[in-house]
Amino acid sequence: MSLRLSRRQFLKASAAAGGGLALEFSFPMCSSAAAGGAATEVNAWVVIHTDDRVVVRIARSEMGQGTYTALAQLVAEELDCDWTNVSAEFASPNEHIRRNRIWGSMSTGGSQGVRSSQDYVRKAGAAARTMLIQAAANRWKVPVSECRVDKGVISHRPSQRTLRYGQVAAEAARLEPPKAVSLRDAGNWKIAGRPLPRLDIPDKVLGKPVFAVDVALPGMLHASIAQCPVFGGKVKSLNADAAQKMRGVKKIVREERFVAVIADSWWRANEALKQLKIEWDEGANGNASNETIAAMLREGLADPNLPQARKIGNADTALASAATVIEAEYQSPYLNHATMEPQTCTAWFRPDGFLEVWTSTQNGEASLAVAARTAGLPLEQVEVHKMMLGGGFGRRGGPQDFVIQGVTIAKAMRGTPVKMMWSREEDMQHGYYRPASVVKMKAGLDAQGRLIAMHTRIACPSILAYLGISRGDASIDFTAVRTLSDMPYAVPHQQVDYAMRNGHVPVGFWRAPGQQNGYYRECFIDELAAAAGKDPVEFRLGMLAENDKDRLVLEAVSKAAGWGTPPPPGVHRGIAVVSGFGSYAATVAEVSVSAKGELKVQRIVVAIDSGYVVNPDNCRAQAESNVVYGLGSILYQENNVKDGRIVESNFHDFRLPQIAEMPKVETVLVPTGGFWGGHGEPGILPLTPAICNAIYAATGKRIRALPLTHHDLRRA
């Protein structure tokens, strides 16, 4: 079967087949104009219609974090247009390549969406504004210095003439872009810095946006996939006789690492997949288990010759002479990303040799490169249509396995679009998991209860090594030691050792990579405060300089939460401060524990200093998102390994937090300016230790291993 459609026919048919399929193709001078009325690209970021509507192109992905709106706000701020006229669209990865990567980075992860692109997107808005004013001045034959602009209306005060952006956009586009522009001070912002409603929310409420799982194209087929349950395994033999006879089945695709069924519906494809008789070659990992993995990590901790991620003074010598020495071991398990939208990719090898891909990706350019390499095509002959993401959390940012599989499967049906979607079980058991880790910490206090030395040893797999990312010393993965190796507390003797122990379970970037280290460090700091007989806040403040930003957020959250005042009856507080991803964050948790050991997280207060705040509502929403996402990992989430495979298969044994478990969340934004931090991840960093420290206050029990389901929380 093949489709013979022109691009224009295809776009029309796609919209009809999808029930109003609003795919963001974003081809310059094409899709924006097609939205209604003539449109002009003033520069790569700004398209202006004759009726003054402004379309801002967004290179980053939108997965619910609000980057789509925040970046549009920054561009619109410098453009000085009317926000009510602003909409946005995703920039095309294909055009990005054709135009020499004109939109900068297309990667969305590490809370980088706004902070690492804010400079050049603001300059794009300012450059467009400068060109529009120049075009108006040229038409009037007056000096630019006599012209002003407000909300997209350019005025010439001496003559009281005005022109709208839509009237001069075409002339502005023909001008040479300015070599340098000045940017507005945050104190003068009119659009940025305000809690404006997100651009994507109204359509999402109405179910209009198309996610990768929603893509519907004319004549499209569906594919379901099975991979070896033991990571690294291969297909040894396949008997597909029964599946091939089932209704709707079009083809069975066998590859080295997976088998897929293509059918006329996903349900039929998945039912046929269950009838396949697949014999897997499990390789050497079929006997791996929680126990063998724990032994591997503990062997790492016992290694006397580990590389050092940090060394200040001589920790071991100082420990030998300390008045009090405290030791503790903490650990946490593997964790799946558990995105609500499973991994999905639709691919279409068109009759003209062009490949089109629709997928939820955190990196459009990486998806394009992988699709092209898999297809054996030059980059210019591939387009990746970036869809809204039904959850990312890092899963869709690094490995592009779902794109490789989608394109590979579509090769078997050239000329026909094929949508490959993983089952929930496949998604749960074939992720790139947050690394399991074990850490041993040893600290020394002097006679006055001051922390003088701390020696930390951590063993865990390396995300960078697994993904083949080179950065600095190959023996140290910065994501594995962060928060420990960059501890802000003034401690004269510090040493952090890293035992890289890479097992067979794939590891990847999980929201705030390395965030479990905040749990280890801040719970241990609380143990030290108790040993010193000091209040946890007082103990921390004693190790932070007066103007230290960690100190400032710690003071801000303490004040907002009422630290030092009696909590409600039966409620106990815990605190933690952990910074990362460009921002500084501190949290106070209030919990209650019943006589039966039933935990209720009552209230979370989180303070964040991100330097600047582009949209306060977005930032508060991200803090709340971090709480609900992190809560599951604290309460009951874990991925266990038995016989080389992940045990958990769906949400019945990998629970998500429910509404009744959600605490009240109060967000305190304390931007101090002068730097740009993120918001997608910082809020999760101090969450776990704050809750666990509150549990200690309530029960007298230290929580040194997660999740909490393994602990009896009845008071000691």
Side-chain angles (χ1 to χ4, degrees), residues 1-3 5 10 13-21 23 207 210-229 235-280 339-351 355-360 374 385 387 390 401-431 649-652:
M1 177 182 179
S2 64
L3 300 177
L5 301 175
F10 174 72
S14 297
L21 185 58
L23 298 177
V210 178
F211 293 77
V213 295
D214 301 320
V215 172
L217 306 176
M220 186 178 76
L221 296 176
H222 300 260
S224 185
I225 187 172
Q227 302 165 84
C228 182
V235 179
K236 186 175 182 180
S237 67
L238 171 66
N239 184 331
D241 292 345
Q244 287 175 329
K245 297 174 183 177
M246 294 179 68
R247 182 181 176 188
V249 172
K250 304 297 181 182
K251 184 166 286 191
I252 311 295
V253 178
R254 172 180 171 171
E255 293 290 325
E256 182 181 41
R257 299 286 181 181
F258 68 86
V259 177
V261 175
I262 302 175
D264 56 9
S265 76
W266 187 83
W267 176 259
R268 288 174 178 167
N270 196 53
E271 287 299 297
L273 189 74
K274 297 174 184 177
Q275 299 304 313
L276 295 176
K277 292 180 173 59
I278 308 172
E279 183 181 0
W280 299 101
T339 59
M340 291 304 292
E341 180 186 35
Q343 309 313 306
T344 306
C345 177
T346 299
W348 179 31
F349 283 86
R350 292 181 354 203
L355 170 64
E356 299 206 49
V357 172
W358 293 260
T359 192
S360 298
T374 304
H385 304 293
M387 317 311 293
D401 50 335
F402 48 94
V403 175
I404 295 172
Q405 293 166 353
V407 172
T408 300
I409 293 168
K411 276 184 180 181
M413 300 295 292
R414 289 180 180 271
T416 301
V418 180
K419 179 163 74 174
M420 183 276 302
M421 184 172 72
W422 289 17
S423 66
R424 176 62 61 194
E425 290 76 14
E426 201 71 19
D427 195 82
M428 189 64 69
Q429 297 179 324
H430 290 88
S649 63
N650 211 313
F651 291 131
H652 71 285

Please list, chain by chain and in numerical order, all residues satisfying salt bridge (charged side-chain N to carboxylate O under 4.0 Å, His left out) with [X], sequence neighbours excluded.
| X | value |
| --- | --- |
| E341 | R396 |
| K274 | E271 |
| R257 | none |

Atom pairs and distances, side-chain donor-acceptor, residues 243-253, under 3.5 Å, sequence neighbours left out:
unit_1	atom_1	unit_2	atom_2	d
K251	NZ	A412	O	3.0

Would you compute the distance between atom [atom1] of [X] and atom [atom2] of [Y] and round it to the nearest 0.5 angstrom?
| X | Y | atom1 | atom2 | answer |
| --- | --- | --- | --- | --- |
| I262 | K419 | CD1 | NZ | 14.5 Å |
| T346 | H222 | OG1 | NE2 | 8.5 Å |
| M428 | H652 | CE | NE2 | 9.0 Å |
| K236 | C228 | NZ | SG | 11.5 Å |
| M413 | L221 | CE | CG | 5.0 Å |

Set of residues satisfying side chain to side chain contact (heavy atoms under 4.5 Å, CB included) with respect to [X], sequence neighbours excluded:
| X | result |
| --- | --- |
| E256 | K234 |
| K411 | F349, R414 |
| Q227 | I225, F258, Q405, W422, E426, H430 |
| I404 | V370, T374, T408 |

Among pairs that include at least one residue of residues 215-229, which meet salt bridge (Lys or Arg N to Asp or Glu O under 4.0 Å), considering only residues two or more places apart or in two chains?
-> none
Compare every heavy atom of [Y] with every heavy atom of [X], then report the nearest pair and how far apart it is.
| X | Y | answer |
| --- | --- | --- |
| L273 | V259 | CD1-O, 3.8 Å |
| D427 | Q343 | OD1-NE2, 3.0 Å |
| V210 | D214 | CG1-CB, 3.8 Å |
| M421 | V213 | SD-CG1, 3.7 Å |

Please list, chain by chain and in numerical order, all residues satisfying side-chain hydrogen bond (donor to acceptor under 3.5 Å, both in side chains) with N650, sequence neighbours excluded.
-> E425
What residues form a side-chain hydrogen bond (donor to acceptor under 3.5 Å, both in side chains) with T359, not counting sequence neighbours?
-> none
With the side chain counted from C-beta on, respond yes when S360 and T344 share a heavy-atom pair under 4.5 Å apart, and no when they do not.
-> no
Any side-chain heavy atom of V235 within less than 4.5 Å of one from W280?
-> yes
Selection residues 259-268 - residue pairs positive for side-chain hydrogen bond (donor to acceptor under 3.5 Å, both in side chains), sequence neighbours left out = D264-R268
Please step through side-chain contact (heavy atoms from CB on, under 4.5 Å) for the pair M220 and W348, ending with a clear verdict.
-> CA-CA 9 Å; M220 186 178 76; W348 179 31; over 6 Å; no
